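The block underneath contains the structure these notes are about, expressed in structure tokens.
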There are 4 protein chains.
Amino acid sequence: MPARRPGARTSDRATRSAARRQAILDAALDEFAVGGFAATRLDDVAKRAGVAKGTIYLYFSDKEALFQELLRSMFGPLVGALTKIPVEHLPARELAERMIAIFIREVLGTRRKDVIRLIIAEGPRFPKLAEFHYREVIGRVLPMVQALLTRAAERGEVDPRVAKFPQLLVAPGIVAIVWKSLFDRLAPLDVEAMMRVHLDLLFGPRTS
Amino acid sequence: MPARRPGARTSDRATRSAARRQAILDAALDEFAVGGFAATRLDDVAKRAGVAKGTIYLYFSDKEALFQELLRSMFGPLVGALTKIPVEHLPARELAERMIAIFIREVLGTRRKDVIRLIIAEGPRFPKLAEFHYREVIGRVLPMVQALLTRAAERGEVDPRVAKFPQLLVAPGIVAIVWKSLFDRLAPLDVEAMMRVHLDLLFGPRTS
Amino acid sequence: MPARRPGARTSDRATRSAARRQAILDAALDEFAVGGFAATRLDDVAKRAGVAKGTIYLYFSDKEALFQELLRSMFGPLVGALTKIPVEHLPARELAERMIAIFIREVLGTRRKDVIRLIIAEGPRFPKLAEFHYREVIGRVLPMVQALLTRAAERGEVDPRVAKFPQLLVAPGIVAIVWKSLFDRLAPLDVEAMMRVHLDLLFGPRTS
Amino acid sequence: MPARRPGARTSDRATRSAARRQAILDAALDEFAVGGFAATRLDDVAKRAGVAKGTIYLYFSDKEALFQELLRSMFGPLVGALTKIPVEHLPARELAERMIAIFIREVLGTRRKDVIRLIIAEGPRFPKLAEFHYREVIGRVLPMVQALLTRAAERGEVDPRVAKFPQLLVAPGIVAIVWKSLFDRLAPLDVEAMMRVHLDLLFGPRTS
DNA sequence: GATGAATGAGACTTCATTCAT
DNA sequence: GATGAATGAAGTCTCATTCAT
């Protein structure tokens, strides 16, 4: 049994450590998504993550830190991806469709929709959280949308006043999140079809 | 000092009882609105209502009953009022404007917006609650909106496909609720202006 | 509508008052018998007695007073009746049979058996209660039994050492109380037959 | 400093855990014995056991489980011991004396007498408890006694009718339990002497 | 006298957090 | 690093008792 190189061992450790941290975050999302912050038990998070309760405290200083860290970790990458879409070289409607496709795939199709619901739910209790989300997500996505709409308005593709309310473009997305989480089992909603109609309203019916 | 009529006395008691019940509901709303169901302490509700802890249990069987009763009591009257709008005798845009005015006044301008946020927040944990809200509110308001849009489509006032997604008409309302609750102090939103633009998109710009 | 005579009215009031007091005691027995002192709710006692909760406090200073008063009121009359049996003029076995008949009729056949169980159950928590019961019931019945046995021993009807342990004569009675209260539905016990065998053991088989 | 064997370490933990569990049961018995189920506070049990309130819940799911487990744990071993007495090879009186000696030593001389009083006290409120005790204790001990008495009757050592009521043999034992718990400080009872007289009555005076 | 709404101390139970192993 | 037994503050709910009507 030869001794491993110290460097490799350290690397293994770091890998295992990161994996464990991620397992805890994954489990935390599952649990927080159902019950929100207060009703979630760290016991359940630990069980789901396959670690002992105390282990959570090796990676996060307390329950609130885990919660906030979870929410943060879910949107950083996505916003990065969004901001890399080339705004300049595409027609506005095309851009909007791409953004909506990303939204459907990366938010509605994943547990990120639960994260958004969590932010809506816990925002008033954790003002820092709302503020962070505004700064990091809303404040970066809405201006992009606004730029897109402004450019479209300049080209006459869209009512110029819409550019003052980029929220209008994303509003059906919020409704879709809520509907999927609460009412989909009672009355399924065809989100993609709704989005197509929405875009037609904004940009006028597709002509191609 | 004439003896009061028994009826009057009974009425007094009933009045005081109803007032107390309402005081508890009011206090409960204030508290639940901030922290949601789990994080709210009945102690605080009692304190805010000016009653003793035990008194809450004279009016509501337990915390959950108080919560559900609160949500119910906030929407029964409003839906009633909405369904009394005469759908037939007005142009669709006029009707939509009235409904939005009611929404702004009775939901966004009151704590009903918090109730909606509560339903969004707690729905997954209380499926009965989501179901109830769907049956009593969504299931009664959306069909009204749909009828309105269908009629408008028949007259050529609106894209006929919109009638399949009445959610599109209310979507900015949901966004307004979320925005007011979370981000308004960071970036105020002119909801009425946004709504006007939204209606213009749906029905075409106002011509009068 | 002639005014009643004050005396009569007072008498009516006193009668009603006594009846009410008795109704509360009856209800209290029913409730205490099942749950013991601590688990019984005065609310339930009031409901069963058909009075308001506060009314109990017009007749008894508090829960414990009601409890003790209840136990006291159940044995005074019985002990009185027992002590009136003419000890002198009957054969010992005859006397014992009469006492046992009274026991079966007045204790096992009534809720007095529950009272005895209550004393067994609550004695250690209310030493005063055990003391009272010892003084008023045990201390008056056992000497009677002892006198009976002593006389019987003098006549050679019974082993002389039995007179030192009058508990031996009543022991099957205690067992009967416990059995009836706990196990009778699982395995019914023919108390009268058991008592006959018991007397045969004490006095020798009946010869008549 | 040699590393402990894993087995030993595990054993230590298991030992400590079992000890703690037993400490809680011991404390619970002390407390329940005085006040019965309802009047006992788990706070006091914890204090007496030298653990924190929450620790009780690591070992027992709730107050009732602790109570029932306590009663169970007190009689399992004893009944086992009793059923191991060789019924066949001894005269009936000898056997009865041994059983009574065990009863005096293991029940009257320990807190098991309090457990029996608890069963008498709480049986009507916890029918499951009475049933369990009947099945596990009464239903196993009484048949043994009955077999003993039947054999004795066949040999002419005892009145044959006694075998139909094995309760008669144990009745003075029940009385002794009650007396010791309630009245012994007022009037001490020589249980062993009483039992000897009782056996003489059953089997006729000892001749040896 | 009678009522029953109101009170609030106190019970059971949960769960975030700690720490010896 | 990892564990999970232990802690105890804090929450929900009950119920004996009071008191205005």
Side-chain angles (χ1 to χ4, degrees), chain A residues 13 16-17 20 37-47 50-66, chain B residues 3-4 6 9-10 12-14 16-17 20-21 38-46 50-66, chain C residues 13 16-17 20 37-47 50-66, chain D residues 3-4 6 9-10 12-14 16-17 20-21 38-47 50-64 66:
Chain A
R13 256 193 206 162
R16 272 179 41 105
S17 182
R20 213 157 249 243
F37 179 77
T40 292
R41 296 185 302 240
L42 290 189
D43 234 356
D44 292 342
V45 173
K47 216 167 289 168
V51 302
K53 219 186 331 179
T55 304
I56 293 175
Y57 287 85
L58 297 175
Y59 294 91
F60 305 94
S61 62
D62 60 10
K63 190 184 180 184
E64 194 170 329
L66 168 62
Chain B
R4 288 153 164 265
R9 193 172 51 215
T10 300
D12 279 5
R13 220 182 238 174
R16 273 180 45 102
S17 181
R20 211 153 253 247
R21 186 189 151 90
T40 292
R41 295 185 305 240
L42 291 189
D43 242 5
D44 291 342
V45 173
V51 301
K53 234 182 316 176
T55 304
I56 294 175
Y57 291 87
L58 295 177
Y59 293 92
F60 305 93
S61 60
D62 60 9
K63 188 183 181 184
E64 195 170 327
L66 168 61
Chain C
R13 255 192 208 163
R16 274 178 40 105
S17 182
R20 213 157 249 243
F37 179 77
T40 292
R41 297 187 301 239
L42 290 189
D43 235 356
D44 292 341
V45 172
K47 216 167 289 167
V51 301
K53 220 187 329 181
T55 304
I56 293 175
Y57 287 84
L58 298 176
Y59 293 93
F60 304 93
S61 60
D62 62 9
K63 189 185 181 184
E64 194 170 328
L66 169 61
Chain D
R4 289 153 163 265
R9 193 172 51 216
T10 301
D12 280 3
R13 222 183 235 174
R16 272 180 46 102
S17 182
R20 211 154 251 247
R21 186 189 152 89
T40 292
R41 297 186 303 242
L42 290 189
D43 241 6
D44 292 342
V45 172
K47 218 166 287 168
V51 302
K53 234 181 316 179
T55 304
I56 294 176
Y57 289 86
L58 296 177
Y59 294 92
F60 305 94
S61 61
D62 60 9
K63 189 184 181 182
E64 195 170 326
L66 169 61

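Atoms considered below: every heavy atom in the structure, side chains included; atoms not considered: hydrogens, waters and symmetry mates. Per chain, numbering begins at 1; letters A, B, ... match sequence-line order. Remember, predicted model here, so these are calculated numbers, not experimental data.
When all heavy atoms of A:Leu42 and A:Tyr57 are compared, the closest pair comes out as CD1-OH, 3.4 Å.
Side-chain atoms of A:Lys53 stay outside donor-acceptor range of the base of F:dT3, with no qualifying N/O pair under 3.5 Å.
Ranking E:dC12, F:dT12, F:dA6 by closeness to the D:Arg16 side chain, first place goes to F:dA6. For D:Val51, counting side-chain heavy atoms from C-beta on, the closest listed nucleotide (F:dT7, F:dG1, E:dC12) is F:dT7. Closest approach to the C:Arg41 side chain among E:dA11, F:dT12, F:dC15 is made by F:dC15 (side chain taken as heavy atoms from C-beta onward).
With values rounded to the nearest 0.5 angstrom, B:Leu66 atom CG is found 9.5 Å from B:Thr40 atom OG1.
D:Tyr59 has its OH atom 13 Å from the C1' atom of F:dT7, to the nearest Å. Distance, D:Arg21 CZ to F:dA6 P: 13 Å, rounded to whole Å. Protein atom CD1 of B:Ile56 is 10 Å distant from nucleotide atom P of E:dT7, rounded to whole Å. Atom CG of C:Leu58 and atom C1' of F:dT17 are 13 Å apart (whole Å). Atom CG in B:Asp62 sits roughly 11 Å away from atom P in F:dT12 (whole-Å rounding). Computed from coordinates, the A:Leu42 CG to E:dT18 C1' distance equals 13 Å when rounded to whole Å. Rounded to whole Å, atom C1' of F:dT12 lies 13 Å from atom CG of B:Asp44. Rounded to whole angstrom, the span from the CZ atom of B:Arg20 across to the C1' atom of E:dG4 amounts to 13 Å.
Heavy-atom nearest nucleotides on DNA chain F were determined for C:Phe37 and for D:Ala52, and the one closer to the 5' end corresponds to D:Ala52. Of the residues near DNA chain F, A:Gly50 and B:Ala38, the one whose nearest nucleotide (by heavy atom distance) lies more toward the 5' end is A:Gly50.
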Please, what dot-bracket string fits DNA chain F when only Watson-Crick and G-U pairs with both distances under 3.5 Å count, crossing ones use [ ] and pairs to another strand use |? .||||||||||||||||||||
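Counting any heavy atom pair closer than 4.0 Å across all strands shown, A:Thr40 reaches sugar-phosphate atoms only and no base atom.
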